[in-house]
Number of protein chains: 2
Amino acid sequence: MVAYDVFVADCPARTTLDLVADTWSMVAVVALAAGPARYSQLHERIGGISKKMLTQTLRKLEANGLVERRALRAAPPGSEYRLTPLGRTLLEPVRTLSRWAEEHTDELLAARDRSAAAADG
Amino acid sequence: MVAYDVFVADCPARTTLDLVADTWSMVAVVALAAGPARYSQLHERIGGISKKMLTQTLRKLEANGLVERRALRAAPPGSEYRLTPLGRTLLEPVRTLSRWAEEHTDELLAARDRSAAAADG
DNA sequence: CCGGATCCGACTGGATACTG
DNA sequence: CAGTATCCAGTCGGATCCGG
């Protein structure tokens, strides 16, 4: 009897984890946390993302019901993206992860340095 | 004044997120949650991972101080991997994410179906 | 035999140019 | 402004080979 089944390939957690376990999905969700945003705004806010990946990430999130897209007809015309209610539920786990990242940055960088030093020496 | 800085490319959260935001890191961490394990055990438990990616993932986690490797000399010889204290602190956010995944699988699959149907029709 | 490095094909992601 | 098409480099991942 194991405590965790996450390592079974077809379990819900693994299937769903694939949705957010990529470079951009969580960042995009956070970028939309503050409210609806245009494509170009997202592209600006998410530093380092290419247009291709932004489009691809948004489409994926949209296909999974986390993000909603709507066309803007008023000037200036364009598209607007926003989190769905389901998408907003993802904010909590993402924030937990972000908080962890911030709290342990020092230790992670220290370990990385140690490792790099060992590789050099 | 923004509530989240995660979308800034060089913020701690983004830097650290890159560490776990891949297909296997979190799964590997969970696979190690129950306790130390051999390479071959991990390879078995984590369904679908190749040996190459397993090695690569473990090395990355090790380089960042989340996982510790030790050689086993007794029969059968081999390697054993375990979470470091720092690695164990990652379990909480990962579990939060897993829980979210399990709780919202239905909605996600429903959205996916809807999207697929729209693509067909 | 277990752990892991290497080789090579397939796919992914980025930059740029182009379209609606 | 919001993407799409194309090209190219880097990564993924299976098969295979090597060391203890």
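In what follows, every chain begins at residue 1, and chains take the letters A, B, ... in the order their sequences are listed.
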For Arg82(A) and Glu80(A), what are the C-alpha separation, side-chain angles and deciding distance, and is it a salt bridge (charged side-chain N to carboxylate O under 4.0 Å, His left out)? CA-CA 7 Å; Arg82(A) 66 181 62 205; Glu80(A) 191 185 65; 2.8 Å; yes

Heavy-atom protein contacts under 4.0 Å, nucleotides 1-13 of chain D, coded B base, S sugar-phosphate only, - none: SSBS-------BB

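We find the CD-CD1 distance between Gln56(A) and Ile49(A) to be 9.5 Å, quoted to the nearest 0.5 Å. Arg114(A) contributes atom CZ, which lies 9.5 Å from atom CD of Glu107(A) (distance to the nearest 0.5 angstrom).
For the pair Glu62(B) and Lys60(B), the salt-bridge criterion is not met [side-chain N within less than 4.0 Å of a carboxylate O].
Under the 30°/60° scheme for interplanar angles, the aromatic rings of His104(B) and Trp100(B) are found to be tilted.
A 4.5 Å side-chain heavy-atom check between Ile46(A) and Trp24(A) finds at least one atom pair inside the cut-off. Considering only heavy atoms from C-beta on, Leu61(B) stays 4.5 Å or farther from Tyr81(B) through its side chain.
Close approach of DNA chain C to chain B, defined as any atom under 4.0 Å from a non-hydrogen atom of the protein, starts and stops at dC2(C) to dC7(C).
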